[in-house]
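Take a look at the structure set out below.
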Amino acid sequence: MTGEAGGGERPSFRAVFAVPEFRPLFGTYTLSTIGDELARVALTVLVYQRTDSPLLAAVTFGLSFLPWVVGGPVLATIADRFPRHRVLIVSDVVRAVLVGLMALPGLPLWALLALLLAVSLCAPPFESARSALMADVLDGERYAVASSLTNTSSQLAQVIGFVGAGALVGLLDPSAVLLLDAATFAVSAVWLSAGLQRRPAPAAPSDEPASVWRETAEGLRLIRGIPRLTAIIALLWPGVLFTNVAEGIAAPLTDDLGGAALQLGVLLAANPLGQTVGGLVVARFLGTERAGRMVPGLVVASLVPVLLAGLVALVAGPGRAAFVTVVVLLFVGGLGCSWLIPLNVAFVQAVPAEFRGRAFGVAVSGLYGVQGLGALGAGLAAERVPPAAVVAVAGGLGLVAVLPGLLGLVRTRPGVAGRHRAAGPSVS
């Protein structure tokens, strides 16, 4: 991979899908995301129904993110230590088996949560290997378009999963929903096995014996040592933390607004649907450079609606009008979240190819980690104050928390800070 933009016209969606290995990477990711959201909502509703506790519901929703906090960077180094196609296939096979066990009838709640945690441990190596392999098979603007498509697909898959879960929870036993999730992982493993080339593990940058801890430290040092990467992380983590707080307390928030399981699915789907629409606009009509210049405005546009949604829910109380207004505001916030696409492109352009697995591991570990911690923090706060107040405070705090990252991103933009060249290829 050269990492250089393929100048001229922005590649079409058809040109990106014409790359054989992109199709299984894209399709399996979409399929598995739908299954994950089905299972996550089903378990969250189940726990909230059993316990009536916002905190325990938030713990269930956020539990799948927590392995990224405690072991994500270490587990992600697997993507650089073994052939990436093998990491993807094995991760999916293991998850299919574990989720299948979760579907066994009569399992106590603690066993379900323990299996959910075990399933989540497979996510760091899988996501790091998938992200690194995407950068291996696509370059320049084709990678930018593919990244936009993948992000858009992810959000659309969440919409389908959330809305589908809201409907299915009222019709099927949670075990049936979990079996659907297990099936998505099994299909994904077969598709990846058939569609990916067999590549060797990435070459090590030195002759020293391989060490998981050393490689993890290298990923952390790489990000800390390049101002451009540091700025991206300083914006990415707090931005995602505060724009996604409502997800962790969606069940009690929907309850306060007078909704049921179907309304819960709609509320959860609002932000991802906005990201889907925004991602399509970025992918099809905006180039990498133009989208990059719009990041500060998009970040603000992703957080202000969160603040307003919390205030509306707090002041208006239960009712259809309040619920619809909150959903619309969360959708608008999702449109603003399309800033994630140019930021992801800028990140991959700044990382040397042999470090991509561990660098993605650090970045995505923090990304999922803050979502898990945000869900837990929101659930804890919602035990004491109304969920709507938690959402409003999150939006306000988020606007303050992203300022350092935004300033750093502007200062390190090529052309503004010419002497701060990234260690990897960069065209942004």
Side-chain angles (χ1 to χ4, degrees), residues 3 5 10 131 135 140-141 143-152 154-155 223 226-245 271-272 274-307 330-351 359-360 362-364 366-367 370-371 394-418 420-422 424-428:
R10 189 165 172 77
S131 297
E141 284 296 307
Y143 176 82
V145 172
S147 178
S148 299
L149 280 169
T150 302
N151 184 76
T152 301
S154 172
Q155 302 310 319
I223 291 176
I226 300 177
R228 181 69 169 166
L229 294 180
T230 304
I232 290 171
I233 293 299
L235 174 59
L236 177 66
W237 290 352
V240 169
L241 167 64
F242 290 106
T243 56
N244 287 279
V245 160
N271 185 275
Q275 292 194 45
T276 300
V277 176
L280 287 172
V281 173
V282 170
R284 193 66 189 93
F285 301 109
L286 299 178
T288 304
E289 184 176 352
R290 186 186 304 174
R293 289 197 300 267
M294 295 174 62
V295 165
L298 290 172
V299 170
V300 173
S302 70
L303 287 164
V304 169
V306 175
L307 170 62
L330 293 178
F331 171 80
V332 174
L335 292 174
C337 284
S338 55
W339 61 268
L340 290 165
I341 296 172
L343 208 68
N344 177 65
V345 174
F347 186 88
V348 75
Q349 289 171 342
V351 179
F360 275 119
V362 172
V364 179
L367 185 67
V370 296
Q371 290 184 68
L397 289 177
L399 288 169
V400 177
V402 297
L403 286 177
L406 285 174
L407 292 174
L409 194 70
V410 172
R411 283 199 301 265
T412 60
R413 181 180 296 159
V416 174
H420 294 308
R421 294 187 58 83
S426 177
V427 296
S428 60

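Positions are given from 1, in the same order as the sequence printed here.
- Taking both residues in full, the closest heavy atoms of P296 and L406 are given as CA-CD2, 3.7 Å, listed atom of the first, atom of the second, then distance.
- Checked options V299, L298, V295, L236; the residue passing with L340 is L236 (criterion: side chain to side chain contact (heavy atoms under 4.5 Å, CB included)).
- Nearest heavy atom pair, residue A231 against residue G408, reads CB-C, 3.4 Å.
- The shortest non-hydrogen separation linking A401 to F242 is CB-CE1, 3.6 Å.
- One finds the CG atom of L330 at 11.5 Å from the CG atom of L335 (value rounded to the nearest 0.5 Å).
- Between L409 and L343 the shortest side-chain heavy-atom distance falls below 4.5 Å.
- Put simply, OG1 on T412 and CD1 on I232 are 7.0 Å apart, with the number rounded to the nearest 0.5 Å.
- Taking every heavy atom of both residues into account, N244 and V240 meet most closely at ND2-O, 2.8 Å.
- Between P238 and I233, the shortest heavy-atom contact is CD-O, 4.0 Å.
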